[in-house]
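One-based numbering, in listed order, for ligands and for the atoms of each. Side chains are part of it too, since the values below use all heavy atoms of this structure and drop only hydrogens, waters and symmetry mates.
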Amino acid sequence: MPQRYYPVIGMEVHAQLQTASKMFCGCSADYWEAPPNTHVCPVCLGMPGVLPVINAHAVEQTVRTGLALNCRIARFSVFARKNYHYPDLPKGYQISQYELPLCRDGWLTIVGDDGQPKRIGIRRAHLEEDTGKSLHVDGHSLIDLNRAGVPLLEIVTEADMASAEEAYRYLVKLRTILRTLGVNSGDMEKGAMRCEVNLSLRTAEQAARGEYGVKVEIKNLNSFKAVRDSIAYEIARQTAVLEAGGRVEQVTMGWDENRRRTVLQRTKESSEDYRYFPEPDLPPLELSPEWIQRVAATLPELPDARAARFTADYGLTPRDAGILTAERAVADWFEQAVQAYGGPPREVANWITGPLFAILRGRAEARGEGDEEDQAERTEGGDIASLPIGPADLAALIKLVDAGVVNRNTGKRVLEEMVATGRPAAAIVEAQGLAQVSDESGLAQVVDAVLAANPGEVAKYRAGKTSVLGWFMGQVMRETRGKANPDVVRRLLSQRLDG
Ligand code: ZN
Ligand code: MN
């Protein structure tokens, strides 16, 4: 029997913090689509003799994130120089944190591969600065330093993930938390969140002895899909190497999206190569317990807590609660609709996760974002705020359905029309004459006509094929352009067929 190998996966995420200015100077951090080298100054250009000043807002956002990730916040932390030479690093070093990071020993919860909640340890989260960008055009290399010095939060997990799917779920959860805190946009396509994976395989015997296999890093993963695919690829590649009796080399790989395989980038550098030392131009960062407490008081309700409240207070299933809290905008929208509706919250949840999300998927497809690749980046309903209707409009529609003015299926069509035109439900029902027909004598005429026209089906029903009832329902709905009250129709049909 072939040996089985178990993946051990850790992740490093670099997340740009949403601050007005850069980490150590006053340049605007909002550089997206700005002409190259227009958001720069002597400090972030690395000119001799300049001095960095710590961005207090970036420190606050890091502490908020650390608290949200259940980390211990260091009252005393130190910035360090990470020395290396690269064209996009004007100073020849990056100011980062090394031995004494701001946050350590935290965790977040994902759904594990066994379906149970699973804690992923956060080893550390520290503050550093982003690098510039190299562009390669017509055989020339150009440099844009607008990004150099933008505050960057590096979040490092323990090697707690066991599959590509768990790694993916970790990223989705982390992004939701960062967005809920308002510290990061989660825009991977704009490079606001970037991932690196480290992965090794080991046998059950190695695991029992607390041993690990050889670790391979996969760098520069700029989509969730690249993370998932590259991990799956590396697990297969390393398994094949080990099964053939070979040894896995400790290397850094990149992901080639076109060839759909990992490619060797370089053999591993060690931390000694970076010659870290405490940053002499910055004092250690000392935070008072009172200040940390004040920051803690500003934390919003986090996704897990909100999901728990949705199940407890609104009677939602854990699954629906998870879906509705995966994006803060969706959770807010849902709660406002529940308020406006006043009926069972579960009803609102069904309308949002069913018809409304279906409409949002259709809109995304129409924008050309419908392929699988984009789907992987998007949380369901994430663009709910772009709708021309609000939560109260959905609530008003559900009330019309409850009151029997329109039936549920017509209600879905009305919702589509509401989203297409931005008009309220009542106006659409009125203008298009969609109001449900519950009038018994009117419907009885339609039912009788349908039965008279289909004697064969009537005979089948009476011979015991009761599923024909659904077919008759469909015929009556067609005759009434979907407006018939289904309860009345069902009763009229049974009276005639069973009577
Ligand atoms: Zn600057
Ligand atoms: Mn880093």
Chemist: Will you find, in the side chains of Q18 and Q61, an N or O donor that is under 3.5 Å from an N or O acceptor?
Modeler: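 Absent: no donor and acceptor within the cut-off.
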
Chemist: Does the plane of the ring in Y274 sit parallel, tilted or perpendicular to the ring in Y276? Use 30° and 60° as the thresholds.
Modeler: perpendicular

Chemist: Compute the angle centred on the Zn ion (ligand 1) spanning SG of C27 and SG of C44, and express it rounded to 10 degrees.
Modeler: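 About 110°, to the nearest ten degrees.
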
Chemist: Hey, are D160 and R123 close enough for a salt bridge, meaning a charged N less than 4.0 Å from a carboxylate O?
Modeler: no

Chemist: Given R194, which partner from the list M188, E12, Q16 fulfils the side chain to side chain contact (heavy atoms under 4.5 Å, CB included) test?
Modeler: Q16

Chemist: Using a cut-off of 2.8 Å, find all protein N, O or S atoms closer to the Mn ion (ligand 2) than that distance.
Modeler: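 Short answer, with waters excluded from the count: H14 NE2, E128 OE2, E154 OE1.
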
Chemist: If the condition is ring pair (Phe, Tyr, Trp, His ring centres under 6.0 Å), which residues does F310 pass it with, not counting sequence neighbours?
Modeler: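 So F310 forms a ring pair (Phe, Tyr, Trp, His ring centres under 6.0 Å) with Y314, F334.
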
Chemist: Indicate whether any N or O donor in one side chain lies under 3.5 Å from an N or O acceptor in the other, for T262 and E234.
Modeler: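 There is such a pair (donor and acceptor under 3.5 Å, judged by atom type) between the side chains of T262 and E234.
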
